[in-house]
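Presented below is the structure to which this report refers.
The shown structure was predicted, so the numbers you read here are calculated from the model rather than taken from an experiment.
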Amino acid sequence: MKQKKRVGIVTTWFERGAAYVSRQYKTLLEDECEVFIYARGGEEYAIGDPKWDGPNVTWASPCRIQITMAINLDEFVRWIKNNELDIVFFNEQHWWPAVLAANDAGAITGSYIDYYTKETVPFFGIFDFLICNTKRHLSVFEKHPAAHYIPWGTDIELFKPHTTELVDPDRVSFFHSGGVSPHRKGCDAVIEAFSRLNGPCSLVIHAQRDLKKHFPHLAEKISQLEAAGRLVCHEKTVSAPGLFHLGDVYVYPTRLEGIGLTIMEAGACGLPVIVTDTGPMNEFIADGENGSLVKVERFEQRSDNYYWPQAFCDVDDLTVKMQWYVDRPEQIASMKQHARDVALERFDWASQKAEIVELFKHVSKRPEENALKQAILKFEARRDGLKTPSALYTNFHAWAYRRHPRFFAVCSAIMVFLKSLKPKESA
């Protein structure tokens with residue numbers, strides 16, 4: 001009997017959208033492959049959290065190099081070799097030496113496509129295979145000899161409707177998720193448009209930021225809407241399936257997305273979705289079918305030179321689209337049911353299992369391009385030279401992990417426990 005492929009996923013690994021992406025890949029693969037997680041860190045560690053920790057999870061020690069997603073290569077290569085990995089699959093890997101190290105260790109390397117600039121697009125040629133979950137990503141990488149288009153989806157059993165009726169019979173309830181990036185997700189546009197609406201309606205916002213501090217120019221307006229009982233803000237981390245059950249319509253005029261995970265999650269929960277009319281959002285929402293598309297007022301390049309520009313929606317048009325639902329409460333039930341039906345047909349991630357498993361089973365190593373490798377090394381040398389690490393903090397953090405890993409783990413477990421003591425959302 002042929003041994004299962006051994007797959008390592010390099011990823012952020014705590015309550016965050018990117019980690020949920022990795023977990024969805026893990027879930028589809030683990031029946032047919034041995035799956036290992038290299039948790040490279042991020043804003044926090046989830047050591048000791050039963051939702052994220054486990055025997056196949058390796059927590060990367062903090063890295064001295066102050067570049068996003070940099071990792072300690074000696075430790076990383078040991079992880080590959082000790083687990084005898086056949087494939088190393090990277091989720092949003094911004095630091096290229098890790099990919100080069102995995103190639104040098106003999107592993108087949110692949111990447112989930114999300115972040116890239118015009119300068120870094122050619123560098124993806126060092127991967128043996130790529131997975132593009134949107135047509136927009138595929139349009140950039142279609143010349144790669146092993147780029148695969150696999151449309152994104154969600155867990156339609158975890159994300160499902162609580163009711164097809166109005167959450168509050170007396171008004172239409174809008175829901176918006178601002179996450180850790182309220183500005184990118186258009187939270188300010190939602191608040192401004194909502195403040196202009198006429199008729200019985202309310203707005204629920206979930207964000208992992210203090211919105212009054214994040215948008216000081218809207219602080220007074222937020223306070224007024226809260227005082228009037230029209231706006232409720234939940235400013236904390238909430239695990240999946242989140243708070244979609246608090247809304248009838250999901251309003252998400254996001255300015256920039258790699259995929260836009262919450263779009264499909266909301267649809268699976270039976271919410272029609274209002275999104276910005278640009279890619280990739282309009283790949284998943286059709287105007288008048290499972291939601292509404294909002295006009296783009298202008299495009300602006302982001303400061304980090306991400307390949308795609310930000311799309312700022314027309315707030316006047318957003319107001320019109322939201323008002324349309326307020327004026328038709330009697331139609332909400334049928335629209336919610338239709339949104340769920342579309343999700344069942346198009347957003348079921350489990351339906352992609354066969355294709356993904358076959359890809360991982362049969363993918364092979366491609367010849368290495370030395371010129372491309374040298375170009376990447378020059379890019380990283382130039383970038384590293386521009387950074388000034390805060391050595392006092394980062395080196396102490398790394399020392400604490402390496403010299404006293406049990407103490408580090410105990411501290412992380414205590415943090416997880418303290419977070420669990422926070423009041424939970426009522427159903």
Exercise for review: Evaluate the salt bridge (charged side-chain N to carboxylate O under 4.0 Å, His left out) criterion for residues Arg255 and Glu300: first the C-alpha distance (whole Å), next the side-chain angles of each, then the deciding distance (0.1 Å), finally the verdict.
Suggested key: CA-CA 9 Å; Arg255 290 165 177 145; Glu300 286 185 10; over 6 Å; no

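- Using the six-membered ring where Trp is involved, Trp349 and Tyr25 have ring planes that are perpendicular, over 60° apart on the 30 and 60° scheme.
- Judged by distance alone, with hydrogens and angles left aside, the side-chain atoms of Asn91 form a donor-acceptor pair with the main-chain N or O of Ala18 at under 3.5 Å.
- Relative ring orientation between Tyr116 and Phe141 is described as perpendicular, the plane-to-plane angle rising above 60° on a 0-90° scale split at 30° and 60°.
- Here the side chains of Met322 and Ile274 are in contact, with some heavy-atom distance below 4.5 Å.
- Annotation: side chain of Val294 is not in contact with side chain of Val275 (no heavy-atom distance under 4.5 Å).
- Phe124 is listed as a side-chain neighbour of Trp96, based on a closest heavy-atom distance under 4.5 Å.
- Salt-bridge annotation for Lys295 and Asp316: absent, with no side-chain N of the basic residue lying under 4.0 Å from a carboxylate O of the acidic one.
- Between Lys4 and Glu32, the closest heavy-atom pair is CG-O, 3.5 Å.
- Taken to the nearest 0.5 Å, the CD1 atom of Ile259 stands 6.0 Å off from the NE2 atom of His137.
- For Arg302 (side chain) and Trp308 (main-chain N/O), no donor-acceptor pair under 3.5 Å exists by modelled atom type.
- Salt-bridge check for Lys51 with Asp49: failed, with every basic side-chain N at 4.0 Å or more from each acidic carboxylate O.
- Arg78 CZ to Asn83 CG: the interatomic distance, rounded to the nearest 0.5 Å, is 12.0 Å.
- Figure legend: cation-pi geometry between Arg40 and Trp13 absent, as NZ or CZ is not positioned both under 6.0 Å from the six-membered ring centre and within 45° of its axis.
- Between Ala98 and Gln93, the shortest heavy-atom distance links the atoms CB-NE2, 3.9 Å.
- The closest side-chain heavy-atom distance from Arg340 to Ile156 is below 4.5 Å.
- Classification of the Tyr112-Trp152 ring pair by plane angle, with boundaries at 30° and 60°, yields tilted.
- Rounding to the nearest 0.5 angstrom, the gap separating the OG1 atom in Thr109 from the CG atom in Asn103 is 4.0 Å.
- Side-chain atoms of Thr117 do not come within 3.5 Å of backbone N or O of Tyr306 as any donor-acceptor pair.
- Pairing each heavy atom of Leu246 with each of His234, the nearest pair is CD1-NE2, 3.8 Å.
- Side-chain polar atoms of Tyr20 and Glu15 form a donor-acceptor pair below 3.5 angstrom.
- A donor atom on one side chain and an acceptor atom on the other are found under 3.5 Å apart for Gln337 and Asp341.
- With contacts defined as side-chain heavy-atom distances shorter than 4.5 Å, the pair Phe36/Ile9 does not qualify.
- Lys373 and Asp104 are joined by a salt bridge, as a carboxylate oxygen and a charged side-chain nitrogen come within less than 4.0 angstrom of each other.
- Taking OH from Tyr115 and OH from Tyr307, the interatomic distance works out to 14.0 Å, rounded to the nearest 0.5 Å.
- Side chain to side chain, Lys185 and Tyr252 meet the donor-acceptor criterion of an N or O pair below 3.5 Å.
- With a 6.0 Å cutoff to the six-membered ring centre and a 45° limit on the axis angle, Arg23 counts as a cation-pi contact of Trp52.
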Exercise for review: For side chain to side chain contact (heavy atoms under 4.5 Å, CB included), just list the numbers for Ile285 and Leu293, CA-CA rounded to whole Å, side-chain angles, deciding distance to a tenth of an Å, and then say yes or no.
Suggested key: CA-CA 7 Å; Ile285 300 300; Leu293 299 176; 4.2 Å; yes

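- Leu359 places a side-chain heavy atom less than 4.5 Å from the side chain of Ile131.
- By the 30° and 60° cut-offs, the orientation of the rings of Phe90 relative to Phe76 is tilted.
- Taking 4.5 Å as the limit, every side-chain heavy atom of Phe284 sits out of range of all side-chain heavy atoms of Val342.
- Of the possible donor and acceptor atoms, one in the side chain of Gln24 sits under 3.5 Å from a partner among the backbone N and O of Gly153.
- A side-chain N or O of Ser61 and one of Glu75 form a donor-acceptor pair less than 3.5 Å apart.
- A donor-acceptor contact shorter than 3.5 Å links the side chain of Lys5 to the backbone of Phe360.
- Between the side chain of Lys26 and the main chain of Val35, no donor-acceptor pair closer than 3.5 Å is present.
- Asp188 places no side-chain N or O within 3.5 Å of a backbone atom of Phe215 that could act as its donor or acceptor partner.
- A salt bridge links Asp128 with Lys365: the closest approach of a Lys/Arg side-chain nitrogen to an acidic carboxylate oxygen falls below 4.0 angstrom.
- Ring geometry for Tyr38 against Trp79 counts as tilted: the plane angle lies between 30° and 60°, on a 0 to 90° scale.
- Note that the OG1 atom of Thr278 and the CD atom of Glu283 stand 9.5 Å from one another [nearest 0.5 Å].
- Under a 3.5 Å cut-off, the side chain of Asp248 and the backbone N or O of Phe174 do not form any donor-acceptor pair.
- In this model, no donor atom of one side chain and acceptor atom of the other lie less than 3.5 Å apart for Ser334 and Gln331.
- No donor-acceptor pair closer than 3.5 Å links the side chain of His338 to the backbone N or O of Ala333.
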